[in-house]
Participant: 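Here you go, one structure.
Throughout, a chain's letter reflects where its sequence line sits, starting with A, and its residues are numbered from 1. Only a predicted model underlies this, so the values are computations on that prediction, with no experimental measurement involved.
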Number of protein chains: 2
Amino acid sequence: MSPQERTHATIVDVANRAGVAISSASAALNDRPGVSPSTRDRIRKVAAELGYVPSIRGRSLSTKRAFSVGFVVERDFAVLEADPFFGAFIGGIEETLEPNGYALSLQIAGSAESSLDRQVKLADARRVDGVFLSEIRIDDPRIEALRTRGLPAVGINPDAGFPFPAVRQDSAVAIHELVQEMVDLGHRRIAHVMGRESYVHTEQRLAAWRDAMSSAKLPAKTVVEGGFTYEGGVRAADRLLSRKQRPTAVFCANDLMALGFMNRAAELGLSIPDDISVAGFDGISVGEYIRPRLTSIRTDPRALGRESARVLLELIDGEAPADVEIPPATVLSRDSLGPAPR
Amino acid sequence: MSPQERTHATIVDVANRAGVAISSASAALNDRPGVSPSTRDRIRKVAAELGYVPSIRGRSLSTKRAFSVGFVVERDFAVLEADPFFGAFIGGIEETLEPNGYALSLQIAGSAESSLDRQVKLADARRVDGVFLSEIRIDDPRIEALRTRGLPAVGINPDAGFPFPAVRQDSAVAIHELVQEMVDLGHRRIAHVMGRESYVHTEQRLAAWRDAMSSAKLPAKTVVEGGFTYEGGVRAADRLLSRKQRPTAVFCANDLMALGFMNRAAELGLSIPDDISVAGFDGISVGEYIRPRLTSIRTDPRALGRESARVLLELIDGEAPADVEIPPATVLSRDSLGPAPR
DNA sequence: TTGAAAGCGCTACCAA
DNA sequence: TTGGTAGCGCTTTCAA
């Protein structure tokens with residue numbers, strides 16, 4: 001075991017070469033007051049000559065900061081692949097992190113238990129200064145674990161009453177619009193294929209659909225669970241389309257389920273949107289590539305990531321950031337919605 | 001700025017409480033010899049009572065290790081979303097990293113320049129002990145940057161002669177099989193939609209296609225560039241299908257381009273696979289969800305990630321790991337290939 | 001087997 | 001404005 005480290009210039013080297021004290025070098029290099037302009041310049045020049053880059057390790061130990069934040073993705077590998085949220089969200093996080101000298105420590109957990117475990121380990125080893133909490137569950141155990149540890153955290157689309165600062169993007173309005181659009185097209189039997197049970201966003205979408213249905217004076221009772229997977233969408237189609245009074249339109253809680261639903265419906269001999277209208281949620285790019293193109297709800301995971309990171313950094317800096325609400329999701333009208341068959 | 005750090009138990013606390021020297025505590029906690037069984041047990045017990053978790057920061061500074069490795073993903077955000085490699089590869093990396101106490105520092109770079117820049121910063125700030133090099137270009141400038149810094153790195157599917165240890169998955173054999181399958185179906189005019197210029201994997205797939213064509217005594221001259229994007233696939237279809245002697249089969253260097261190609265072909269009134277056969281590369285799950293289902297080549301990014309991380313950790317440990325070759329990619333036969341039209 | 005202490009690279013406090 | 005120095009939490013060397 002030989003950590004092959006090239007010898008980097010340290011602040012001591014800079015101070016020596018510049019003929020100043022280490023503390024002066026530190027102050028100069030960090031734009032802290034208390035150094036005369038001339039020595040400051042000299043120190044800077046020497047640092048540049050030496051190719052000095054501060055060691056995050058030394059700084060970390062002395063400032064008690066990791067300069068790194070954590071994100072534990074809790075998602076099945078299979079789902080992960082087709083998931084649009086992931087990449088864009090991380091991209092957004094990075095937009096904020098990078099200019100602030102922070103790095104992202106990413107972990108992938110296959111299950112909720114290991115997700116909690118990973119989160120705890122990141123915190124206990126003081127690898128990170130804070131974490132992102134997405135895919136929040138009802139009574140999510142991570143919340144308590146984080147609170148006992150006093151680790152800064154920011155929630156992505158949590159429910160009201162969430163104990164940490166939150167960043168939210170409303171999708172209820174878009175879901176209302178979508179349902180209304182269906183109603184305007186003459187649909188009365190509108191079903192919902194909901195996501196995985198006990199996730200907050202599953203409930204949020206379900207509730208929005210219910211509200212929209214009730215606004216339209218329509219009964220909101222046809223709901224089946226699809227678990228956010230393609231296969232779940234297939235099964236949902238099997239269950240919903242075998243009914244005597246089958247729905248004429250379906251709102252799926254994500255695009256992957258909508259894909260499964262559409263394919264199964266087609267296999268069952270139904271044509272979309274002539275026999276049945278389908279809409280998804282997420283606005284994944286693949287929705288644009290399939291035929292008919294999938295009507296969906298477009299969210300902005302990138303902005304969510306960017307803002308979450310901003311809030312998290314503020315929190316880490318000891319501020320008390322307010323919750324952030326980014327512009328709401330919008331309906332992405334494409335071809336999978338049509339007039340209700342008569 | 002108040003780094004809200006709960007006071008964690010340190011090794012000093014453990015040593016004090018156990019009534020031993022710090023060095024003994026360290027030895028006991030790290031399974032190093034030189035501590036009697038009884039004191040070792042006592043120290044362990046105290047550590048457990050105190051909920052002691054070693055601070056990675058302190059350890060990092062003293063061992064000159066970050067216990068973290070870096071991965072800079074250089075990909076367009078739009079492409080990233082539909083990219084199957086990303087998530088699975090990271091998942092694989094994690095499988096190796098986690099049990100070894102390492103974390104992954106992930107960065108997303110929009111361009112090649114910023115990718116290099118990020119890589120350099122990670123290295124210079126000593127945030128990571130090594131990095132993964134994927135999406136390698138011909139004469140990739142990152143290689144030189146890494147070498148000057150003496151930072152351990154492992155290449156993912158690099159060309160022969162790559163200066164760092166490498167992990168590879170052969171796809172030439174599968175491409176040969178695929179082309180042969182096309183030939184067996186009666187195709188003679190088989191085109192290739194290649195990926196983005198100057199990427200090693202673009203060249204590798206192109207070369208494999210050329211070889212396969214020449215093995216079949218067929219001219220390998222119909223090639224258009226598609227840049228690995230959906231739109232590139234669309235443009236390729238426009239160019240290839242407007243020819244007087246249009247190809248009857250097309251091998252696209254990734255699935256996304258194949259999707260674009262298929263959709264455009266359909267728009268032009270061609271039916272797949274009756275009028276034209278299409279195959280992709282990657283085996284993305286969406287290929288299963290579209291109609292006709294896309295024939296492709298299945299790679300194993302997860303295994304690639306797992307092995308790469310293993311090699312990288314060995315390298316960091318000062319060993320001299322040999323290159324690794326994981327089982328080759330395979331043809332994923334689905335529905336987008338059919339007999340040549342006559 | 002045990003303990004004391006130096007040192008990793010940096011920040012920050014206190015004197016000069 | 002400068003310099004000296006303690007200390008962050010750990011590993012590791014060297015004495016006892």
Participant: Classify the nucleic acid contact of B:Ser23 as base, sugar-phosphate or nothing, counting any heavy atom under 4.0 Å across all strands shown.
Facilitator: base

Participant: Which whole-number value in Å describes the distance from A:Ile11 CD1 to D:dC8 C1'?
Facilitator: 15 Å

Participant: OP1 or OP2 of D:dC8 versus the side-chain N and O atoms of B:Arg57: is any pair under 4.0 Å?
Facilitator: no

Participant: Please tell me if B:Thr39 has a side-chain N or O lying less than 4.0 Å from either OP1 or OP2 of C:dT2.
Facilitator: yes

Participant: Without decimals, in angstroms, what is the distance between B:Ile22 CD1 and C:dG7 P?
Facilitator: 16 Å

Participant: Starting from P on D:dT1, measure out to CZ on A:Arg40 and report it in whole angstrom.
Facilitator: 9 Å

Participant: Please give me the minimum heavy-atom distance between B:Val311 and B:Val167, naming the atom from each residue.
Facilitator: CG2-CG2, 3.9 Å

Participant: State, with a plain yes or no, whether a side-chain heavy atom of B:Val20 is found less than 4.5 Å away from one of B:Arg42.
Facilitator: yes

Participant: Against B:Arg168, only a single residue in B:Asp159, B:Asp300, B:Asp323 fulfils salt bridge (charged side-chain N to carboxylate O under 4.0 Å, His left out); can you say which?
Facilitator: B:Asp323

Participant: Report yes if at least one side-chain N or O of A:Thr63 is closer than 4.0 Å to OP1 or OP2 of C:dT11; otherwise report no.
Facilitator: no

Participant: Looking at D:dT2, I'd like to know if its phosphate oxygens (OP1 or OP2) sit under 4.0 Å from a side-chain N or O belonging to A:Ser36.
Facilitator: yes

Participant: In whole Å, I'd like the distance from the CG atom of A:Asp31 to the P atom of D:dT1.
Facilitator: 14 Å

Participant: On the nucleotide C:dG9, are OP1 or OP2 found under 4.0 Å from the side-chain N or O atoms that A:Arg59 carries?
Facilitator: no

Participant: Rounded to whole Å, please give me the gap between CD1 in B:Ile56 and C1' in D:dG9.
Facilitator: 12 Å

Participant: Quick check on DNA chain D: between A:Ser38 and B:Ser26, whose nearest nucleotide comes earlier from the 5' end?
Facilitator: A:Ser38

Participant: When you compare the side chain of B:Lys121 with that of A:Glu98, does any pair of heavy atoms fall below 4.5 Å?
Facilitator: yes

Participant: Side-chain N or O of B:Lys64 versus OP1/OP2 of D:dT11: is the shortest distance under 4.0 Å?
Facilitator: no

Participant: Which whole-number value in Å describes the distance from B:Tyr52 OH to D:dT11 C1'?
Facilitator: 10 Å

Participant: With heavy-atom distances below 4.5 Å as the criterion, would you say the side chains of B:Thr10 and B:Asp13 are in contact?
Facilitator: yes

Participant: Kindly point out which of C:dG9, D:dG3, C:dA12 is positioned nearest to the side chain of A:Arg32?
Facilitator: C:dA12

Participant: Ignoring backbone atoms, establish whether A:Ser55 has a side-chain N or O less than 4.0 Å from OP1 or OP2 of C:dC10.
Facilitator: no

Participant: Which of parallel (below 30°), tilted (30 to 60°) and perpendicular (above 60°) describes B:Phe86 and A:Phe86?
Facilitator: tilted

Participant: Go nucleotide by nucleotide along DNA chain C from the 5' end; which of B:Val35 and B:Leu61 gets its closest nucleotide reached first?
Facilitator: B:Val35

Participant: To the nearest angstrom, how far is A:Leu29 atom CG from C:dA12 atom C1'?
Facilitator: 15 Å

Participant: From the list C:dG3, C:dG7, C:dG9, which nucleotide is the closest neighbour of the side chain of A:Ser62?
Facilitator: C:dG9

Participant: Would you please confirm or rule out a distance under 4.0 Å between OP1 or OP2 of C:dG3 and any side-chain N or O of B:Ser24?
Facilitator: yes

Participant: Give the rounded distance in Å between these two atoms: CZ of B:Arg65 and C1' of C:dG9.
Facilitator: 18 Å

